[in-house]
Amino acid sequence: MLLPPKTWTLIDCNYRLVLEQLSYRPSVIVYTIVLRAYGQVGKIKLTEQTFLEMLEAGCEPDEVACGTMLCTYARWGRHKAMQSFYSAVQERGITLSTAVYNFMLSSLQKKSLHEKVIDLWRQMVDKGVAPDRFTYTVVIHSLVKGGLCEEAFKAFDEMKKLEFVPEEATYSLLISSHTKDGKWQDALNLYEDMRSRGIVPSNYTCASLLTLYYKNEDYSQALSLFTEMERNKIAVDEVIYGLLIRIYGKLGLYEDAQRTFEEIDQLGLLSDEKTYLAMAQVHLNSGNAKRALDIIEMMKSRDIWFSRFAYIVSLQCYVMSENLDAAEVTFQALAKTGLPDSGSSNDMLRLYIKLNLTGRAKKFIVQLREDQIAFDEELYRTVVRIYCKEGMLEDIGQLTKEMVTNDSYKDNKFIQTFFKAICGEPLRHQKVKGNVASNQLDSTALGYLLRLYLECKDFNNLEEILKLLLETAGSMSVLTQLISNFLKEGDLSNVKALNDQVVRLGCSVDDATIASIIGIYGKEQKLKQAQDIFTAVADSPTCGKLIYNSMIDAYIKCGKPEAAYSLYKEAFKKGHDLGAIAVSKVVYSLTTSGKHQEAKEMIHLSFQDNLELDTVAYNTFIKAMLEAGKLNFATSIYEHMLSKGVSPSIQTYNTLISVYGRGRKLDKAVEMFNLAHSSGMTLDEKAYMNLICYYGKAGNALFLV
C-alpha cells in the first residue's frame with residue numbers, strides 16, 4: 001500500500017530528528033522503513049542516499065532492506081539500476097524472498113523484456129527460491145512470448161503439480177500457442193482441463209478455439225462453442241464474429257454469414273478490415289463477385305485503411321467480375337506496397353487469358369520477370385501454358401532453369417518434367433533408364449509440351465512426348481482437353497496433326513472428342529476430313545453411337561442424305577441404336593432432298609426394329625409422307641404412334657389436318673381439329689387456316705361462313 005504524502009514526510013522529519021540524537025544507535029529496521037517510504041513515492045535519489053547512509057553507519061543491509069531497494073527500482077521501471085543492485089546483492093550471498101522476485105519479474109515483463117524475465121527466473125530457481133502461483137503466471141507468459149513453448153509447458157505442469165490453479169489468461173495463452181503450432185488435440189486437452197476446474201473461458205480463449213475448429217474444419221464444434229458462449233454470456237467481439245463469418249462461408253451458409261456481418265455493423269463493432277475482407281472472401285467463394293465488391297466499396301466509403309491484403313482481395317473481386325481496368329489499377333496499388341505476390345500476379349495473368357488478351361499477357365509476364373517476382377508453382381503453370389501456346393521454347397527453358405534452382409521444387413513432377421524435356425537430355429534416352437513416364441513425369445506437363453511442339457512444328461519431339469504421355473495414367477483426359485481447346489479456338493490444323501499422331505501410334509481419343517472433331521469438319525463443309533477421322537476409328541470396337549451420329553450429321557450438313565442413310569443402315573446392322581433424333585434427322589434430310597422412297601424405307605426399318613421414338617420423330621415421319629404424297633402411310637404412322645402410347649402434339653394434329661384435307665377426308669380433318677381442341681391444346685392460326693383452306697378447296701362455303 002502506498003503511503004500518503006503527509007505520512008512519508010512525517011517519517012522523513014522523524015528520521016532526521018532521530019539522527020540528531022547523539023544517543024541514537026543506527027538500526028537496519030528503521031532504515032528499511034524509511035527506504036520503503038521513499039520508494040513508494042518515487043524518491044529514488046533519497047532512497048539511494050539513505051541506503052548509503054545506512055552502510056556508512058555500519059548497518060549491514062539484510063534481505064528485507066535489499067528487497068525494498070529492488071522493489072523500488074522495479075516499481076519505477078529503473079531496470080538497469082535494479083539489475084546492478086541485484087548483482088551486488090548476489091555477491092553478498094543474500095537470498096531474496098519470492099515476493100521480491102515476483103516484483104522484479106512483473107516489472108520486466110510489463111516492458112516486454114521477456115529474455116530478462118526468463119534469465120531472472122532461472123537464477124531464482126538456481127537459488128532454490130520457491131515460486132508461487134503469481135511467479136508461474138508471469139514466467140509462463142514470458143516463456144511463450146520468448147518462443148520457449150516447451151519450457152513454458154514444463155513450468156505449467158510444475159505449477160499444477162504444486163496444486164497452484166492456473167489463471168484463465170494462462171490457459172488462454174497456452175491454448176493459443178498450441179493452436180498456432182497446429183497441435184490441435186493438445187489445445188483441446190488444455191481447454192477440457194480448464195473447464196474441469198470450473199474456469200469460464202474468456203472471449204480470447206474462445207477465439208483461439210474457434211480458429212482451431214475453423215482450421216481443422218470441425219464446424220459443428222465451432223457452432224457448438226458459439227452456443228456455449230451465448231449460454232455463459234461471454235462477450236462476443238469482432239474477432240469472434242469474423243471467425244463465425246468464415247465458418248458460415250465454409251459451410252456454404254452465405255446468407256447466414258451476411259446476416260452476421262450486418263449484425264456486427266448494427267452493434268457498432270465493425271471496425272477491423274479483416275472482418276470486411278472475411279465477408280468479401282465468403283462472397284468470392286460463393287461466386288458472387290458483385291456482393292464482394294459491395295463490401296470493398298463499403299470499406300472505401302468508411303475510410304477503412306487498406307492493407308496489402310485488402311488490395312489482394314480487391315484484385316480477386318475485380319478478376320472474378322472481369323473488370324480489367326479496375327484490376328489493373330488495383331494491381332498497381334498493390335505494387336506500391338511492395339513486390340506483388342505470386343498469387344496476385346497469377347490472378348492478373350489468368351484474367352488476361354480469360355479475356356483472350358494474349359499480347360497483354362505476354363507483356364505482363366515480361367514485367368514480372370523484370371521485377372524479379374518470385375514464382376510459385378501455380379504462376380509457373382500459368383506462364384508456361386501461355387509460352388507453350390505461343391511456341392516460346394527458349395523462354396520456357398530459361399524460366400524452368402531458374403525454378404529448379406529452388407530446392408523446394410526438386411520433387412515437383414510438373415516442373416521437373418519440363419526441365420527434363422527441355423533442359424536435360426532427350427526424354428527418349430532417359431526412358432531407357434527406367435519407367436520414366438509413370439514414375440517421374442507429370443501428364444499435364446506432357447500435355448503442355450505436346451502443344452509446344454505442335455506450335456513449333458517439331459514433330460519428332462511431338463511423337464516422343466506423345467508416346468510417353470500414352471504410358472501415363474489419365475493420358476486420354478489430357479489429350480481430350482488439348483483437342484477440345486484447339487476446337488474452341490477453331491484450330492483444326494493442330495487437331496488433325498495431333499489426332500493423326502495418336503492414330504499412327506495405334507490409339508484413339510474418346511468418342512466424344514472424335515465426334516466433336518467430325519462435327520466441326522461437317523459444320524465447315526469439310527466432308528473429306530470428317531470421313532478420314534471416321535474411317536480411322538470405324539472398325540474399332542469402341543466406335544459407338546456418338547461417332548456414328550456425328551458422321552451422319554456431317555453427311556446431312558454437307559448435302560449427302562443418301563450417305564447419311566447408308567451409314568445409318570450400317571450402324572443398324574452392327575446393333576447400334578442411334579436414337580430417335582438421328583432417325584428424324586435422316587428422314588427429314590431424305591425428304592427435303594426428294595428421296596421419298598428411302599425416307600419410307602427408313603421409317604419401316606425403325607418400326608420393324610421397334611425403336612423407341614418420340615413425338616418429334618413421329619411428326620417428322622408423318623410430314624415426310626405428306627410431302628411424298630403417301631397419305632395412307634402417313635395416317636398409319638399416326639395410328640402406330642397411338643398404339644405405342646406416344647402423345648400427339650399440336651404439330652401432329654396440324655400435319656394430320658393437312659393429310660386428311662389433301663385426301664379430301666374433311667370429316668377426319670375436323671376430327672383431328674376437335675381432338676386437338678378437346679385435349680386442351682391451344683390451337684394456333686395454322687390449325688384454323690389449314691381446315692379453312694381445305695374446306696374452301698372442297699367448295700364448302702358454309703364452313704367458311
Side-chain angles (χ1 to χ4, degrees), residues 353 358-359 361-362 365-366 369 375 380-404 412-472 474-509 513-514 517 520-521 529 532-533 536:
I353 295 172
T358 305
K362 289 164 69 176
I365 295 170
V366 171
R369 304 280 282 140
F375 277 46
Y380 174 79
R381 281 175 177 264
T382 305
V383 170
V384 297
R385 176 183 168 191
I386 294 170
Y387 281 166
C388 289
K389 184 179 178 181
E390 297 298 305
M392 300 167 67
L393 182 60
E394 289 185 9
D395 296 87
I396 295 175
Q398 184 178 349
L399 176 60
T400 303
K401 286 177 183 177
E402 293 173 14
M403 292 294 289
V404 296
N412 186 295
K413 288 176 69 174
F414 184 87
I415 296 172
Q416 291 298 328
T417 298
F418 269 95
F419 181 71
K420 291 172 182 176
I422 296 175
C423 308
E425 61 180 304
L427 287 175
R428 61 180 175 273
H429 295 159
Q430 298 178 42
K431 187 182 175 186
V432 177
K433 301 174 183 178
N435 193 351
V436 174
S438 60
N439 296 329
Q440 301 174 27
L441 305 181
D442 181 87
S443 60
T444 302
L446 291 173
Y448 282 14
L449 286 164
L450 284 179
R451 172 134 206 184
L452 172 66
Y453 292 129
L454 277 167
E455 299 296 343
C456 296
K457 308 300 180 187
D458 185 347
F459 295 107
N460 288 331
N461 272 319
L462 174 67
E463 184 175 347
E464 292 302 322
I465 295 296
L466 184 56
K467 286 178 181 177
L468 289 168
L469 176 61
L470 292 173
E471 293 177 5
T472 65
S475 59
M476 285 300 109
S477 64
V478 172
L479 285 173
T480 297
Q481 184 60 54
L482 182 55
I483 291 174
S484 295
N485 290 340
F486 284 138
L487 291 173
K488 288 176 185 176
E489 296 163 13
D491 189 351
L492 290 178
S493 62
N494 271 336
V495 170
K496 185 177 185 305
L498 182 55
N499 190 65
D500 287 349
Q501 287 279 7
V502 173
V503 173
R504 190 176 296 114
L505 294 175
C507 298
S508 174
V509 293
T513 304
I514 294 172
I517 298 171
I520 293 292
Y521 279 132
Q529 290 89 331
D532 290 343
I533 298 293

Practice prompt. Determine whether Phe414 and Val384 make a side-chain contact, defined as any pair of heavy atoms from C-beta on separated by less than 4.5 Å.
Written response: yes

Worksheet item: Out of curiosity, Leu449 CG to Asn461 CG, how far, rounded to the nearest 0.5 Å?
Response: 9.0 Å

Item to complete: Decide yes or no for Leu487 and Leu492: does some side-chain heavy atom of the first lie under 4.5 Å from some side-chain heavy atom of the second?
Response: yes

Discussion item. Nearest 0.5 Å, please: how far is CG in Leu482 from OG1 in Thr444?
Written reply: 11.5 Å

Discussion item. Would you say that Leu462 contacts Leu452 through its side chain, given a criterion of any heavy-atom pair below 4.5 Å between the two side chains?
Written reply: no

Discussion item. Does either side chain, that of Gln481 or that of Asn485, offer a donor lying less than 3.5 Å from an acceptor on the other one?
Written reply: yes

Worksheet item: CG/Asn412 to OG1/Thr417 distance, rounded to the nearest 0.5 angstrom?
Response: 8.5 Å

Item to complete: Determine, step by step, whether Glu463 and Leu505 satisfy the side-chain contact (heavy atoms from CB on, under 4.5 Å) criterion, reporting the C-alpha distance in whole Å, the side-chain angles of both residues, the deciding distance to 0.1 Å, and the verdict.
Response: CA-CA 9 Å; Glu463 184 175 347; Leu505 294 175; 4.2 Å; yes

Discussion item. If you define the side chain from C-beta out and look only at heavy atoms, does anything of Lys496 sit under 4.5 Å from Phe486?
Written reply: no

Worksheet, complete the sentence: Rounded to the nearest 0.5 angstrom, the CG-CG distance for Asn494 and Asp491 is 4.0 Å

Worksheet entry | Nearest-0.5 Å distance, CG of residue Leu450 to CG of residue Leu469 | 5.5 Å

Worksheet item: How far apart are the closest heavy atoms of Ile514 and Ile533, and which atoms are they?
Response: CG2-CG2, 3.8 Å

Worksheet item: Is there a side-chain contact between Gln416 and Leu441 (heavy atoms, below 4.5 Å)?
Response: no

Worksheet, complete the sentence: Of all heavy-atom pairs linking Ser443 and Val478, the shortest is O-CG1, 3.7 Å

Discussion item. List the residues meeting side-chain contact (heavy atoms from CB on, under 4.5 Å) with Thr480, not counting sequence neighbours, and say none if there are none.
Written reply: Ser484, Asp510, Thr513

Worksheet entry | Salt bridge Asp500-Arg504, side-chain N to carboxylate O under 4.0 Å | no

Only pairs under 3.5 Å count here: list side-chain donor-acceptor contacts from residues 386-401, not counting sequence neighbours, and write none if there are none.
| from | atom 1 | to | atom 2 | distance (Å) |
| --- | --- | --- | --- | --- |
| Thr400 | OG1 | Tyr380 | OH | 2.7 |
| Thr400 | OG1 | Ile396 | O | 2.7 |

Item to complete: Determine whether Met476 and Leu479 make a side-chain contact, defined as any pair of heavy atoms from C-beta on separated by less than 4.5 Å.
Response: yes

Worksheet entry | Within-4.5 Å side-chain heavy-atom neighbours: Glu402 and Arg369 | yes

Practice prompt. For the pair Arg451 and Glu455, find out whether any cationic side-chain nitrogen is under 4.0 Å from an anionic carboxylate oxygen.
Written response: yes

Worksheet entry | Between CD1 on residue Ile465 and OH on residue Tyr448, distance to nearest 0.5 Å | 15.0 Å

